[in-house]
Asker: 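Have a look at this one.
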Amino acid sequence: EQQEKWVPRAVNMEIIGTYAQTELGHGTFLRGLETTATYDPNTEEFVLNSPTLTAYKWWPGGLAHTANHCVVVAQLHSKGVNHGVHPFIVQIRDEDTHMPLPGVKVGEIGPKLSFSTANNGFLGFDNFRVPRDSMLMKNAQVLKDGTYVKSRLSKLTYGTMVFIRVMIVTDMAYYLSVGATIAIRYSAVRHQSKPKENEPEPQILDYVTQQHKLFIALASSHAFRVTGQWLWTTFVRVNKALTSGNADTLPELHAVACCLKAVTTRDAASMVEACRMSCGGHGYMTSSYLPILYGITTAACTYEGENTVLLLQTARSLVKAWQKGSKGKPLSPTEAYLMDKSPVPKWENTLDGIIAGFRRVSAGKVQDCVSKIDKLVKMGTSYEDAWNQTSVRLVAASEAHSRAVILATFRAEVSRAAAALSPPLARVLHQLVHLYTVYWALERVGDLLLYTSIAERDVQELQQQYEDLLQKIRPNTVGLVDAFDLRDEILNSTLGAYDGRVYERLMEEALKSPLNAEPVNQSFHKYLKPFMQGKL
Ligand SMILES: CCCCCCCCCCCCCCCCCCCC(=O)SCCNC(=O)CCNC(=O)[C@H](O)C(C)(C)COP(=O)(O)OP(=O)(O)OC[C@H]1O[C@@H](n2cnc3c(N)ncnc32)[C@H](O)[C@@H]1OP(=O)(O)O
Ligand SMILES: Cc1cc2nc3c(=O)[nH]c(=O)nc-3n(C[C@H](O)[C@H](O)[C@H](O)COP(=O)(O)OP(=O)(O)OC[C@H]3O[C@@H](n4cnc5c(N)ncnc54)[C@H](O)[C@@H]3O)c2cc1C
């Protein structure tokens with residue numbers, strides 16, 4: 001009945017909430033959170049408290065001035081026992097006056113790299129009392145007398161984060177479609193330099209280096225959209241099983257959500273930055289929207305689980321899978337390839353050959369990590385220290401695993417969908433799958449040389465395949481970004497508008513600046529003139 005109490009009010013916007021988990025002192029290590037919720041059986045209330053400065057919640061989006069409620073993650077104490085972190089839904093502001101309630105300290109954390117509209121806030125409690133039903137009791141409960149009833153699965157507390165991580169993969173597909181649309185449209189409008197004296201300045205989109213910078217962003221948008229859809233379907237299936245009490249598939253979902261969130265956010269941020277830089281000075285204009293887009297995508301590398309920490313979570317799953325598989329036990333579908341003990345096959349410069357190659361790389365890296373950890377432990381190093389000393393390799397193994405998942409999913413889903421598409425459209429999408437796959441084979445050629453039978457001539461051929469694909473995709477590039485069908489109001493970009501009036505839009509935006517309101521700015525009279533006259 002808690003959902004009946006809170007959900008309708010949230011849906012009709014009586015409740016504006018945020019998720020208050022991170023504190024000044026802890027973001028990753030949730031078991032280290034300091035906010036306490038101590039149960040008082042005499043009043044059937046929880047007393048929320050921030051015992052230290054580092055216990056203050058810090059970062060929750062909308063917390064500073066928008067939210068009037070929040071989900072607070074706190075250490076639950078009852079009958080003198082700390083039962084660990086649990087979620088509580090807490091009203092923090094008066095619903096009429098919006099004033100902070102007594103015992104609640106809330107405010108803005110200050111300027112950030114981007115996300116300036118998110119009013120991220122801080123929140124502290126001074127022995128703030130909330131009724132017992134504030135504890136979200138879907139998984140664990142506290143009875144009226146203070147008896148704690150533990151959840152059938154403690155990890156369900158972390159479920160919200162899995163959901164958001166799953167959504168973030170699709171978010172990255174969207175952000176890349178915005179960046180690619182802006183940069184490719186601008187590259188079609190911008191003419192620069194004279195490689196051929198007797199010909200006009202060409203579109204910068206015809207420079208192969210420009211195509212190399214931009215087409216991967218276009219292909220990645222499709223790869224992440226397809227992978228995000230697969231991940232969402234997986235999430236729905238796991239959640240359905242959880243509802244019926246079966247948590248067997250949750251570890252696999254957690255592991256694959258972690259590495260996909262980490263890899264897609266890192267790729268999106270670096271590719272949006274490449275889109276910005278490919279637009280020269282105008283890409284550095286706020287009016288291009290590319291700097292803001294970079295700020296948004298790079299934030300995703302940190303929020304909802306810092307990327308390194310998440311890649312290590314996946315590595316933890318891969319190492320456990322290796323150890324499990326080595327004992328002959330079955331592995332989850334996404335990790336089953338780790339147990340492929342067949343001899344390394346002859347390298348094939350095909351999509352299937354490259355996908356199989358990335359699986360070999362991932363399995364080889366995981367095996368190397370397990371061997372290094374085992375060797376260190378046998379030499380007397382603690383497992384924790386051996387893990388830390390191997391962690392750079394563990395992150396790389398996780399990345400290789402994630403890339404193998406994306407490559408395989410992108411290829412499989414486009415192949416499956418192609419049958420229902422027109423031959424020209426199917427051909428273009430296959431070209432994007434091919435470009436994405438060969439791009440990453442070339443980016444990770446060192447790993448392929450270490451763990452597969454790829455030879456120098458294969459690499460040369462892949463490079464030629466890649467350059468041929470750039471040439472094949474070029475004629476459809478503008479059509480492909482137009483197909484994202486992003487309205488000018490959404491693009492919010494002087495460089496990416498559909499009409500291509502880049503220079504007029506740049507000037508229109510410049511003239512809106514208040515600094516252009518008068519021909520001589522007041523700074524001349526206040527500072528320059530006195531300085532020039534030696535009076536400053
Ligand atoms: C229908 C309504 C729709 C509403 C619309 C929604 C739209 C969404 C749009 C998309 C997003 C929009 C943009 C978002 C804007 C910004 C939002 C940002 C919000 C935040 O940042 S919230 C705070 C996020 N914080 C984190 O992610 C913290 C990261 N830290 C951790 O996850 C854990 O602390 C960590 C890293 C796991 C370490 O903890 P520890 O206790 O040390 O864990 P162990 O490593 O020991 O592992 C213990 C054990 O648990 C398993 N585990 C860990 N996490 C999970 C999990 N999430 N799920 C399942 N299982 C988990 C782990 O595998 C271990 O298992 P073992 O069996 O190996 O022991
Ligand atoms: C734009 C934005 C919006 C946010 N919104 C919210 C929100 O709405 N609600 C909310 O609760 N939080 C929010 N956060 C906070 C976010 O979830 C945390 O910043 C994130 O979880 C990382 O935690 P941290 O900042 O404490 O970094 P730390 O965990 O201190 O990480 C710092 C460094 O230490 C490394 N590190 C930490 N632990 C390990 C480890 N075990 N092994 C190896 N390296 C490690 C990390 O890799 C990183 O390099 C937001 C953050 C941002 C940037």
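Just so we're clear, the structure is a prediction, and the values are computed from it rather than from any experiment. Order of listing sets the numbers, starting from 1, for every ligand and every atom in it. Below, all heavy atoms of this structure are taken into account, side chains as well, without hydrogens, waters or symmetry copies.
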Asker: Report, as yes or no, whether the 6.0 Å neighbourhood of atom NZ on Lys329 holds more than 12 heavy atoms from other residues, nucleotides or ligands.
Answerer: no

Asker: If you count the atoms of ligand 1 from 1 in the order shown, which ones are under 4.0 Å from a heavy atom of Leu30?
Answerer: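 Per the distance check, 28 (C), 34 (O).
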
Asker: For atom 34 (O) of ligand 1, find the nearest protein heavy atom and state the residue, atom name and distance (0.1 Å precision).
Answerer: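 Protein heavy atom with the smallest distance to atom 34 (O) of ligand 1: Thr28 O, 2.5 Å.
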
Asker: May I ask you to check whether over 12 heavy atoms, not counting those of Gln3, lie within 6.0 Å of atom CD?
Answerer: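 Counting neighbours around CD of Gln3, 12 or fewer heavy atoms of other residues, nucleotides or ligands fall under 6.0 Å, so no.
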
Asker: Any idea which part of Leu253 is under 4.0 Å from ligand 1, heavy-atom wise: side chain, backbone, both or neither?
Answerer: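 No part of Leu253 is near ligand 1 at this cut-off.
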
Asker: If the plane angle is over 60° it's perpendicular, under 30° parallel, otherwise tilted; pick one for Phe46 and Phe88.
Answerer: perpendicular

Asker: Identify the protein heavy atom lying closest to atom 7 (C) of ligand 1, giving its residue, its atom name and the separation to 0.1 Å.
Answerer: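 Going by distance alone, atom 7 (C) of ligand 1 is nearest to Met167 CE, 4.0 Å.
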
Asker: For Cys258, state whether at least one heavy atom is located under 4.0 Å from any atom of ligand 1.
Answerer: no

Asker: Provide, to 0.1 Å, the distance between atom 42 (N) of ligand 2 and the closest protein heavy atom, together with that atom's residue and name.
Answerer: Leu312 CD1, 3.7 Å

Asker: Tell me whether the count of non-hydrogen atoms from other residues, nucleotides or ligands lying under 6.0 Å of OH in Tyr498 goes above 12.
Answerer: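 It does not: Tyr498 OH has 12 such atoms or fewer within range.
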
Asker: Answer yes or no: is there a donor N or O on one side and an acceptor on the other, between the side chain of Thr265 and the main chain of Ala262, under 3.5 Å?
Answerer: yes

Asker: Return the residue, atom name and 0.1 Å-rounded distance of the protein heavy atom closest to atom 43 (O) of ligand 1.
Answerer: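 Ranked first by proximity to atom 43 (O) of ligand 1 is Gln313 NE2, 4.4 Å.
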
Asker: Out of Gln21, Arg165, Arg31, who is nearest to atom 27 (O) of ligand 1 when you count heavy atoms only?
Answerer: Arg165

Asker: Nearest to atom 3 (C) of ligand 2, what protein heavy atom do you find, and at what distance?
Answerer: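 Protein heavy atom at minimum distance: Asn120 ND2, 3.8 Å.
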
Asker: At a 4.0 Å cut-off, with the gap strictly under it, does some heavy atom of Lys320 reach an atom of ligand 1?
Answerer: yes

Asker: So Tyr436 and Phe224, would you call those rings parallel, tilted or perpendicular, with 30° and 60° as cut-offs?
Answerer: perpendicular

Asker: Does ligand 1 have a heavy atom under 4.0 Å from the side chain of Val309, from its backbone, from both, or from neither?
Answerer: side chain

Asker: For Gly305 and ligand 1, does the shortest N/O to N/O distance drop below 3.5 Å?
Answerer: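 The answer is yes, given that Gly305 and ligand 1 share an N or O pair closer than 3.5 Å.
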
Asker: Atoms of ligand 1 less than 4.0 Å from His254 heavy atoms?
Answerer: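 The list of qualifying atoms is 52 (N), 53 (C), 54 (N), 55 (C), 56 (C), 57 (N), 58 (N), 59 (C), 60 (N), 61 (C), 63 (O).
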
Asker: Mind telling me whether Phe128 and Phe125 have parallel, tilted or perpendicular rings, with 30° and 60° as the class edges?
Answerer: parallel

Asker: Hey, looking at atom 51 (C) of ligand 2, which of Tyr19, Trp59, Phe29 has the closest heavy atom?
Answerer: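 Among Tyr19, Trp59, Phe29, the closest heavy atom to atom 51 (C) of ligand 2 belongs to Trp59.
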
Asker: Ignoring hydrogens, just give me the one of Thr298, Thr22, Leu394 whose non-hydrogen atom is nearest atom 17 (O) of ligand 2.
Answerer: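 Minimum heavy-atom distance to atom 17 (O) of ligand 2 goes to Thr22.
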
Asker: For atom 38 (N) of ligand 2, what's the nearest protein heavy atom and its distance?
Answerer: Val309 CG2, 3.7 Å

Asker: Tell me yes or no: between the side chains of Ser287 and Glu509, is some donor less than 3.5 Å from an acceptor?
Answerer: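 Checked: Ser287/Glu509 side chains show no N/O donor-acceptor pair below 3.5 Å.
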
Asker: Which residue and atom name correspond to the protein heavy atom nearest atom 12 (C) of ligand 1, and how close is it?
Answerer: Asp171 OD2, 3.6 Å

Asker: Nearest protein heavy-atom contact for atom 27 (O) of ligand 2: which residue, which atom, what distance?
Answerer: Thr28 OG1, 4.4 Å

Asker: Where is the nearest protein heavy atom to atom 24 (P) of ligand 2: which residue, which atom, and how far?
Answerer: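 Heavy-atom neighbour on the protein nearest atom 24 (P) of ligand 2: Gly27 CA, 3.9 Å.
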
Asker: How far apart are the closest heavy atoms of Thr36 and His77, and which atoms are they?
Answerer: CG2-NE2, 3.9 Å

Asker: Under the 4.0 Å line, does any protein heavy atom show up next to atom 1 (C) of ligand 1?
Answerer: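 No, there is none.
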
Asker: Has Glu23 got a side-chain atom pairing as donor or acceptor with His26's backbone, closer than 3.5 angstrom?
Answerer: no

Asker: Parallel, tilted or perpendicular, judged at 30° and 60°: which one describes the rings of Phe115 and Tyr303?
Answerer: tilted

Asker: Nearest protein heavy atom to atom 15 (C) of ligand 1, by residue and atom, and its distance?
Answerer: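 Checking every protein heavy atom, the shortest distance to atom 15 (C) of ligand 1 gives Tyr303 CZ, 3.9 Å.
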
Asker: Looking only at protein heavy atoms, which one is nearest to atom 26 (C) of ligand 1, and how far off is it?
Answerer: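 Checked against all protein heavy atoms, atom 26 (C) of ligand 1 sits closest to Met161 SD, 3.3 Å.
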
Asker: Within the structure, does Thr22 bring an N/O atom to less than 3.5 angstrom of an N/O atom in ligand 1?
Answerer: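 N/O-N/O distance below 3.5 Å does not exist for this pair.
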
Asker: Is there any N or O on Tyr303 that sits under 3.5 Å from an N or O of ligand 2?
Answerer: no

Asker: When you look for heavy atoms under 4.0 Å from ligand 1, do you find them on the side chain of Tyr19, its backbone, both, or neither?
Answerer: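 The answer is the side chain of Tyr19.
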
Asker: What is the nearest protein non-hydrogen atom to atom 7 (C) of ligand 2, stated with its residue, atom name and distance?
Answerer: Pro60 CA, 3.5 Å

Asker: Quick check: are there more than 12 heavy atoms from other residues, nucleotides or ligands sitting under 6.0 Å from NZ of Lys375?
Answerer: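 At most 12 heavy atoms, drawn from other residues, nucleotides or ligands, come within 6.0 Å of this atom.
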
Asker: Ignoring hydrogens and angles, state whether a donor on the side chain of Glu252 or Thr334 is under 3.5 Å from an acceptor on the partner side chain.
Answerer: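 Yes, because at least one side-chain N or O of Glu252 sits under 3.5 Å from a partner of the opposite role on Thr334.
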
Asker: Could you walk me through whether Glu335 and Lys324 pass the salt bridge (charged side-chain N to carboxylate O under 4.0 Å, His left out) test, one step at a time?
Answerer: CA-CA 11 Å; Glu335 295 173 340; Lys324 202 173 148 187; over 6 Å; no

Asker: What is the nearest protein non-hydrogen atom to atom 47 (O) of ligand 2, stated with its residue, atom name and distance?
Answerer: Glu306 OE1, 2.6 Å

Asker: Could you tell me the residue and atom name of the protein heavy atom closest to atom 19 (O) of ligand 2, and the distance to it rounded to 0.1 Å?
Answerer: Thr302 CG2, 3.7 Å

Asker: Check whether any protein heavy atom sits under 4.0 Å from atom 5 (C) of ligand 1.
Answerer: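 No, no protein heavy atom sits under 4.0 Å from atom 5 (C) of ligand 1.
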
Asker: Evaluating non-hydrogen atoms only, which member of Glu252, Glu304, Lys261 is closest to atom 20 (C) of ligand 1?
Answerer: Glu304

Asker: Are any of the N/O atoms on Arg316, whether in the backbone or the side chain, positioned under 3.5 angstrom from an N/O atom of ligand 1?
Answerer: yes

Asker: Under 6.0 Å from the CZ atom of Arg132, do we count more than 12 heavy atoms belonging to anything else shown?
Answerer: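 Yes.
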
Asker: Is the number of heavy atoms from other residues, nucleotides or ligands under 6.0 Å of Lys112 NZ greater than 12?
Answerer: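 Yes - once you tally the heavy atoms of other residues, nucleotides and ligands closer than 6.0 Å, there are more than 12.
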
